[in-house]
Amino acid sequence: MDTNVVFEGLTKQGGAAGLIIDAWLAGFIEVYVSNALAYEYEDVLSRKLSEVRWSQLQSVLGSLLNAAHFTPIYFSWRLTSPDPGDDLVIDCAMNAGAIVVTSNVRDFRSATESLGIRVVTPIQFVVELTSGGTQILQQSQQGVAKRLKVCKKGRRNS
């Protein structure tokens, strides 16, 4: 889950990112987060929000992270994304065999082309999720199989 989706989901009412945050909190979706990505979420929120708003959302971020599957980063794919935070998302997705949900699909084009990682917008994710989520699940499973072939590493944190 890219930081922009977490930020938007926590700060704007209505919309796909908010639905994703609600589904994450309710345990309807599995979200994978690395330690570095968790720190990125905290850093961005604490810098972009007022002190009062950050203090209100800090516990919500804590709840989201408690509901997440922490993913150890065994391998790093540094693609020199326009945003260094995107590299953290790519590393986490590749090590977890997960898809990327982001509002900046363009910034992940290189990862899509070179690594075969699936990148969707929040709206696409919600549409697929509400239509049964089978395509999301199949893509994640294919991603795991592909990652295992690329990495020749069978360890995964679930």
Side-chain angles (χ1 to χ4, degrees), residues 1-50 52-71 77 79 81-144 146-147 157-158:
M1 190 76 55
D2 195 4
T3 308
N4 61 47
V5 177
V6 174
F7 182 84
E8 184 178 327
L10 290 174
T11 59
K12 296 180 183 175
Q13 291 187 337
L19 292 172
I20 292 169
I21 295 298
D22 290 344
W24 182 354
L25 284 169
F28 294 142
I29 60 174
E30 291 183 358
V31 177
Y32 295 85
V33 177
S34 66
N35 285 333
L37 191 53
Y39 285 120
E40 166 85 356
Y41 293 162
E42 184 175 0
D43 176 57
V44 169
L45 288 167
S46 67
R47 280 187 296 111
K48 290 190 174 189
L49 296 173
S50 70
V52 171
R53 188 71 173 129
W54 169 234
S55 68
Q56 294 170 339
L57 290 176
Q58 213 166 358
S59 64
V60 179
L61 179 61
S63 296
L64 289 170
L65 295 175
N66 283 334
H69 295 274
F70 272 84
T71 302
W77 288 263
L79 299 173
S81 300
D83 176 2
D86 293 345
D87 289 335
L88 303 175
V89 176
I90 293 165
D91 286 347
C92 184
M94 289 298 292
N95 280 275
I99 64 172
V100 171
V101 181
T102 182
S103 298
N104 284 331
V105 174
R106 183 181 59 219
D107 288 352
F108 288 87
R109 187 171 292 137
S110 175
T112 300
E113 292 169 358
S114 62
L115 300 173
I117 197 167
R118 180 152 185 251
V119 179
V120 297
T121 66
I123 292 172
Q124 290 171 315
F125 184 81
V126 169
V127 167
E128 289 182 25
L129 192 62
T130 57
S131 65
T134 55
Q135 187 176 3
I136 290 171
L137 181 59
Q138 290 169 349
Q139 281 287 321
S140 293
Q141 290 170 342
Q142 290 170 357
V144 170
K146 182 182 275 186
R147 178 180 53 82
N157 185 20
S158 311

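All heavy atoms count here, side chains included; hydrogens, waters and symmetry mates do not. Positions are given from 1, in the same order as the sequence printed here.
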Rounded distance [0.5 Å steps], [atom1] in [X] versus [atom2] in [Y]:
X	Y	atom1	atom2	value
D91	S34	CG	OG	7.5 Å
Y39	S46	OH	OG	12.5 Å
D83	E40	CG	CD	6.5 Å
D86	S110	CG	OG	11.0 Å
I21	L64	CD1	CG	5.0 Å

Does a side-chain heavy-atom distance below 4.5 Å link [X] with [Y]?
X	Y	value
I20	F125	yes
F7	L49	yes
Y32	L37	no
D43	T3	no
R118	F108	no
V6	V44	no

Residues that L65 engages under side-chain contact (heavy atoms from CB on, under 4.5 Å), provided they are two or more places apart: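 With neighbours one apart ignored, the set is V33, A38, Y41, L61, F70.
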Residues forming a side-chain contact (heavy atoms from CB on, under 4.5 Å) with S59, sequence neighbours excluded: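 Residues passing side-chain contact (heavy atoms from CB on, under 4.5 Å) with S59: none at all.
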Around atom CG of L57, are there more than 12 heavy atoms from other residues, nucleotides or ligands closer than 6.0 Å?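 Yes, enclosed.
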Could you pull out the closest heavy-atom pair between A16 and V126, with the gap in Å?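 Result for this residue pair: O-CG2, 3.7 Å.
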Looking only at heavy atoms, what is the nearest atom pair of L25 and S63, with distance?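 For L25 and S63, the tightest heavy-atom pair comes out as CD2-CB, 3.8 Å.
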Would you tabulate the side-chain donor-acceptor contacts of residues 97-106 under 3.5 Å, counting partners in other chains and residues two or more places apart, or write 'none'?
{"residue": "T102", "atom": "OG1", "partner": "D2", "partner atom": "OD2", "Å": "2.6"}
{"residue": "T102", "atom": "OG1", "partner": "N4", "partner atom": "ND2", "Å": "3.2"}
{"residue": "T102", "atom": "OG1", "partner": "N104", "partner atom": "N", "Å": "3.0"}

